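This report concerns only the one structure given below.
Bear in mind the structure is a predicted one, so any value in this text is a computation, not a measurement. What's counted below: heavy atoms across the whole structure, side chains too, no hydrogens, waters or symmetry copies.
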Amino acid sequence: LKQFELIRCTDGQFRRSSDVYLNTHENKDILGNEFYYTEANTEQMKAFYRLLGVKFKPDILDIERLIEQQILNKSPDEHLIKRIEKIFEHLAKRFKDDDLNQDDLESLADLEWLPAENDSDKLYKGHDLFAYFRSYLFSTTGLFLGISHKLQKKYSDFLHSLKIKEEPDVELVVNHLLNCAQNGKQVNDQVYDFLNKKANDEHLKPLQGKECLFVPDAGYSLRPDHV
């Protein structure tokens, strides 16, 4: 039966089961109106259609196609970011529930579909972005994922699957410290702890001879070689 166009869709046309989704709120919320949905509105009919092979949850390949057609190369306005967050949360939940694995998400990790905080110009690949977790170390130099912090915290393992980074490079932290010193803005104390653990890193050289040590009530008044 699966090879025949037996499934009546909401547009009145009959299609093969493999081309159709169950008409559920979740499916329409994630996929929108770009796919075909069953006309079934009873649990009995939905159960029967599932036996015939009607898709009951968004297929990862369809989600990729949706992203490629409707999200890539778009400017991330508020409406688009909300839609991206819905897709992000849907995939993250399925990953957490072991309904998706790393291989399923490999192609998504290489697509420019993720927003960055305070950037309305373009979207990014996962490896271009950092999670917010350690942003206090390099908030002026890092490019951070523009998805709600609540979702990032809840689905931190999913971030790894998209190649989103957590730990900053030493150079980013150094440049953040120099930015703050130049602007007279106190850095988080953990910036110094982080850099102290990287004492032999060559990227610390730009700090030499610079007043980059913050002193309470005196601001950035000390150079490293004065301590």
Presence of salt bridge, [Y] and [X], under 4.0 angstrom:
X: K57; Y: E26; result: no
X: E78; Y: K82; result: yes
X: D110; Y: K163; result: yes
X: D104; Y: R94; result: no

Whether over 12 other heavy atoms sit under 6.0 Å from D193 CG: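 Enclosed: over 12 neighbouring heavy atoms sit under 6.0 Å from CG of D193.
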Over 12 non-hydrogen atoms of neighbours within 6.0 angstrom of CZ in R16: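 No, CZ of R16 has 12 or fewer neighbouring heavy atoms, counting only those of other groups under 6.0 Å.
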Side chain K198, main chain F194, donor-acceptor under 3.5 Å: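 Here the side-chain-to-backbone pair does not exist.
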F95-F88 aromatic ring centre distance below 6.0 Å: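 Aromatic pair excluded; centres sit 6.0 Å or further apart.
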Parallel, tilted or perpendicular: ring planes of F130 versus F138, cut at 30 and 60 degrees: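 Ring orientation, 0 to 90° scale: perpendicular.
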Plane angle bin for Y21 and Y37 - parallel if under 30°, tilted between 30 and 60°, otherwise perpendicular: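 Taking Y21 first and then Y37, their aromatic rings sit tilted (interplane angle of 30° to 60°).
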Verdict with reasoning, D77 to H79, per side-chain hydrogen bond (donor to acceptor under 3.5 Å, both in side chains): CA-CA 6 Å; D77 58 21; H79 174 75; over 6 Å; no
Positive for side chain to side chain contact (heavy atoms under 4.5 Å, CB included) with L123, one of L72, L111, N73, L80: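 Exactly one candidate clears the test, L80.
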Pi-cation contact, Y124 with K122 (under 6.0 Å, within 45°):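 K122 over Y124 ring: yes.
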